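Step one of this worksheet: look at the structure below.
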Amino acid sequence: MNNFSLINYLKSKKKLHLKSFFSNLPDYTGIDQEVSDLDLLILEEQGSLFDFKKSTTCQTTPYSDWVSSGCKDMHMLGRNLTESGKVGCIIIAGGQGSRLGHSGPKGTFPISLVKKKSLFQIFSEKIIAAGALCNKELPLAIMTSPLNNEETKIHFEENSYFSLSKSQVDFFNQPTLPFLDFNKKLFQSDKRHLAVGPNGNGSVFEAFQSSGIAKKWNENGIEYLNIILIDNPLADPIDFELIGHLAHSKNDICLKSCKRLSPEENVGIIVQSQDRPVVIEYHEVPDNLTFSEEPCANLSMLALTLSFAKKMSKYNLPLHKVRKKTPYYDPSTKQVVIPESPNAWKFETYLFDILFETKKTAVMVYPREDIFYPLKAHAGKHSPQEVQKALMRKEQKIFEEVTQRSSPETSFELSAQFYYPTKDFKAKWLNKPASSSYLV
Ligand code: UTP
């Protein structure tokens, strides 16, 4: 597509005013298919976000009607529902993991302390352990993007699905959107491709529905979904208590939360918006906003009903823009450049924006050390080393709960059965002294 055809093309779509978006693409040869595949309505919406300013008047009252975790009855209810085949898990793993700098999908990162199990392996083994406890093969769906779908599937194939049965696991893809540079222009990631990224974890509902998996699960009797993010190895892929509370309270959604550590922590916060709890993402929180007590943090972990997920698949979630460091093709040198700092806007929908669509939301607050320490970057607070320390602290606690003994002094890791122990397993491990045989 040369410049002349581009102009004609935009004219035919009544979008000539978007012409400047294309001015960084001197030669469309090779990428014209990608250019004509662009959804110009969405591109226009992406452009309109350049005028977005942080609000100074948004909701400022922390949501206070949350409940504390630790209710045995809710735990039992959730377990019963899982035993009766009504619960499935979705792992959201479509992100690019650019800050981590790992060469494959983030879920393939070897994170466990001793055996260096990948995030995917950790969660797969927990699904198996929860299934063994409930005498059910529990369904697992994994959201990927076109940028990491193949590598993710290969990771499962090469590892024999970590002993999950193949029929238990489904993969589905989210779409991508083009990046725009800070001058509101499209650019290339290499000589043959436009720079694009996955369109945010909010696309899970639409993508899950259009993949046909939602229909299959519905036909198989699934009523409740547990959703977790791939980058948090402390997450429970099947959270009995959260599911139990969702079912008991007859809400659409139950959010799993803990208190934000401080205003400096990069997490969204849960605030009261008129008659419902909603989330403000951390980079959209007004700078001057302070609270007398830290609000509940949004961890993007939740349980929701399958019927509400279906409803949300038709809902147009708003787009947000985030700064990203992303490789770009420099046509003058014909080289791909890896930038040192953020150089572009990525456009995403967020799954927690569904909160605007329902008044029926519950929030459960858990001890942070039990549920949240995401892997985000190759260095710093959310580096592999720090995540491993958090995993260790959690496993020490679980070890002590199951065995009623002090945990081993040396590095160790637990089998997934410690997370979902059966009666026999508990009896076997009760009072076992610390030993290297805990390495599993
Ligand atoms: P993050 O926003 O932390 O991004 O994703 P990321 O892609 O993992 O890493 P960076 O920002 O490029 O370094 C939080 C969660 O949402 C998922 C990620 O896989 C992760 O589980 N996600 C993010 C998607 O599934 N799709 C997306 O488009 C973005």
Side-chain angles (χ1 to χ4, degrees), residues 42 46 89-109 111 118-120 122-123 140-149 151-152 155 171-179 189 195-208 211 225-237 256 265-268 279 281-284 297-302 317-327 338-354 371-384 386-387:
I42 296 187
Q46 290 177 241
C89 170
I90 298 180
I91 300 181
I92 295 196
Q96 289 174 292
S98 49
R99 286 165 289 169
L100 184 61
H102 172 54
S103 59
K106 210 189 235 184
T108 65
F109 190 90
I111 193 68
S118 68
L119 288 155
F120 282 129
I122 289 178
F123 290 128
L140 169 65
I142 298 174
M143 182 167 87
T144 58
S145 87
L147 310 177
N148 68 9
N149 176 273
E151 278 182 278
T152 302
H155 184 64
F171 299 91
F172 62 102
N173 255 345
Q174 67 175 120
T176 57
L177 281 178
F179 286 106
S189 59
V196 298
N199 68 345
N201 56 33
S203 58
V204 61
F205 305 105
E206 211 278 320
F208 180 60
S211 68
L225 307 176
N226 218 115
I227 299 190
I228 59 169
L229 303 183
I230 188 59
D231 56 14
N232 176 22
L234 270 47
D236 297 316
K256 188 164 175 170
E265 189 183 13
N266 285 349
V267 289
V279 167
E281 185 50 335
Y282 70 88
H283 48 79
E284 292 173 3
N298 169 50
L299 314 176
S300 294
M301 282 194 278
L302 62 149
L317 292 168
L319 271 184
H320 302 255
K321 70 185 200 315
V322 267
R323 286 171 189 273
K324 282 273 164 174
K325 212 167 74 162
T326 190
I338 313 282
E340 295 284 316
S341 51
N343 58 321
W345 291 110
K346 179 175 191 267
F347 296 83
E348 302 190 322
T349 55
Y350 296 146
L351 72 93
F352 52 76
D353 274 334
I354 60 171
I371 64 162
F372 187 62
Y373 209 106
L375 176 64
K376 291 288 180 196
H378 66 278
K381 220 168 161 223
H382 288 279
S383 65
E386 296 305 313
V387 172

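Just so it is clear, the structure is predicted and the values come from calculations on it, not from any experiment. We count ligands from 1, going down the list as the structure has it; atoms in each ligand are counted the same way.
- With sequence neighbours excluded, the residues satisfying side chain to side chain contact (heavy atoms under 4.5 Å, CB included) with N148 are P105, T144, S145, T152.
- G200 N, 2.7 Å is the protein heavy atom nearest to atom 28 (O) of ligand 1.
- If you check which protein heavy atom lies closest to atom 10 (P) of ligand 1, you get K324 NZ, 3.0 Å.
- With ligand atoms numbered from 1 in the order given, ligand 1 contributes 19 (O), 21 (O) to contacts under 4.0 Å with heavy atoms of I230.
- Residues in residues 372-382 take part in these side chain to side chain donor-acceptor pair (under 3.5 Å) pairs, two or more places apart or across chains: D231-K376.
- Using a 4.0 Å cut-off to heavy atoms of D231, the atoms of ligand 1 that qualify are 3 (O), 14 (C), 20 (C).
- Residue I92 has at least one N or O atom closer than 3.5 Å to an N or O atom of ligand 1.
- Taking atom 7 (O) of ligand 1 as the reference point, the nearest protein heavy-atom neighbour is Q96 N, 2.8 Å.
- Heavy atoms of K346 found under 4.0 angstrom from ligand 1 belong exclusively to the side chain.
- Side chain to side chain, Q174 and N199 meet the donor-acceptor criterion of an N or O pair below 3.5 Å.
- For a threshold of 3.5 Å applied to N or O pairs, the pair formed by G94 and ligand 1 contains at least one separation below that value.
- Of the candidates G97, S145, G107, the one placing a heavy atom closest to atom 9 (O) of ligand 1 is G97.
- Looking from atom 2 (O) of ligand 1 to the surrounding protein, the closest heavy atom is R99 NH2, 4.2 Å.
- The one candidate from L234, I111, L119 that meets the side-chain contact (heavy atoms from CB on, under 4.5 Å) condition with V387 is I111.
- Between L229 and ligand 1, no pair of N/O atoms sits closer than 3.5 Å.
- The part of A93 lying near ligand 1 is the backbone, judged by heavy-atom distances below 4.0 Å.
- Interface atoms of ligand 1 facing E348, defined by a heavy-atom separation under 4.0 Å, are 29 (C).
- In this structure, the side chain of K325 does not engage the main chain of R99 through any donor-acceptor pair within 3.5 Å.
- In this structure, Q46 contributes its side chain and P178 its backbone to a donor-acceptor pair below 3.5 Å.
- Considering only heavy atoms from C-beta on, K256 comes within 4.5 Å of D236 through its side chain.
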